[in-house]
Every structure is written in structure tokens, then in C-alpha cells.
Chemist: 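Dropping a structure here in C-alpha cells format, bear with me for questions.
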Amino acid sequence: TVFPAMFRSAVLGMRYDVTCVISSKIPTPQVQDCVKRLATRFLGNNGIIYDVYNRGNITLAYPFHRNGVKHDTARFFVLDVEANPQMLNSLTNDISLDERIIRR
């Protein structure tokens, strides 16, 4: 069933920008796997992905430690998604378990 744009958000959920900060210390194939895994989780839970933005390597405003590693730079990705709030909360909790993602 196709819903008009004005009804879609009420039925499927709200539109969100999910920002993931991924360690710049891991190789590119693992970064791709991390983003693909996140996108697959959204799609598997009936979410809609409108776009994925790669913001590249960015120097952090201040260094911080995660999993015993100091991070000065990181790779930023933004996923433009539509999901219901319960699904988004569940997925963000799952994201926090991935050691490659240093901030969400």
C-alpha cells in the first residue's frame, strides 16, 4: 500500500537524522560494514532510509576516550531515516554495543 506523503509519517513514524561517529582508526572495509549493518537493521525493522551522507574524517572539538582508545579524529555518517520512535530507541541501544561506533 502506498500512502500519500501527508499520511506516511503518521503511519510509519517520524523522520530522523541518525549521526554515527565511527573510529577513524579502523580500516575502510570495516567502516563500510558498520554503515551497511546499521542500514540493514533499519530496513529489517520496516524503516525507510532516504539517504546516507558521508561527512568524512573530522577533527573532534576535543579528544575523548572510548574503549581505552583516545580519539582525536573520527568519521561522521548521517542516515536520513523514517522510523517509529520505539524502533529507533531499540536500534540506538544496539548501536551503542558496536565498538566501532564511538558516538551516536
Chemist: Got Y16 and L88 here, is their nearest side-chain heavy-atom distance under 4.5 Å?
Modeler: yes
Chemist: In the hydrophobic cluster built from side-chain contacts under 4.5 Å, what are the other members alongside Y53?
Modeler: V78
Chemist: Between R66 and H71, which heavy-atom pair has the shortest distance, and what is it?
Modeler: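 Looks like O-NE2, 3.8 Å.
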Chemist: Are V35 and C20 packed together at the side-chain level, in the sense that at least one heavy-atom pair is separated by less than 4.5 angstrom?
Modeler: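 Answer no - side chains too far apart.
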Chemist: When you look at CD of Q30, are more than 12 heavy atoms from neighbouring residues, nucleotides or ligands closer to it than 6.0 Å?
Modeler: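 Check passes, neighbour count above 12.
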Chemist: Between V69 and V31, is there shared hydrophobic-cluster membership here, with clusters defined by ILVMFWY side-chain heavy atoms closer than 4.5 Å?
Modeler: no
Chemist: Going by heavy atoms in the side chains, are R75 and R55 under 4.5 Å from each other?
Modeler: no
Chemist: Taking only residues at least two apart or on different chains, which pairs with a member in residues 33-43 satisfy side-chain hydrogen bond (donor to acceptor under 3.5 Å, both in side chains)?
Modeler: D33-R100, R37-D98
Chemist: Will you find, in the side chains of T73 and S24, an N or O donor that is under 3.5 Å from an N or O acceptor?
Modeler: yes
Chemist: Nearest heavy-atom pair of V81 and F42: which atoms, and what distance?
Modeler: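 Residues V81 and F42, closest heavy atoms: CG2-CE2, 3.9 Å.
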Chemist: Under 4.5 Å between any side-chain heavy atoms of D72 and L60, yes or no?
Modeler: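 Heavy-atom side-chain distance check fails, nothing below 4.5 Å.
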Chemist: Any side-chain to backbone donor/acceptor pair from N84 onto Q86? Under 3.5 Å, distance only.
Modeler: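 Present.
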Chemist: Any idea which heavy atoms bring P63 and K70 closest together, and the distance?
Modeler: CB-CE, 3.6 Å
Chemist: Do I102 and I22 touch side chain to side chain, with heavy atoms closer than 4.5 Å?
Modeler: no
Chemist: Could you grab the distance from atom CG of L79 to atom CG of D17, nearest 0.5 Å is fine?
Modeler: 9.0 Å
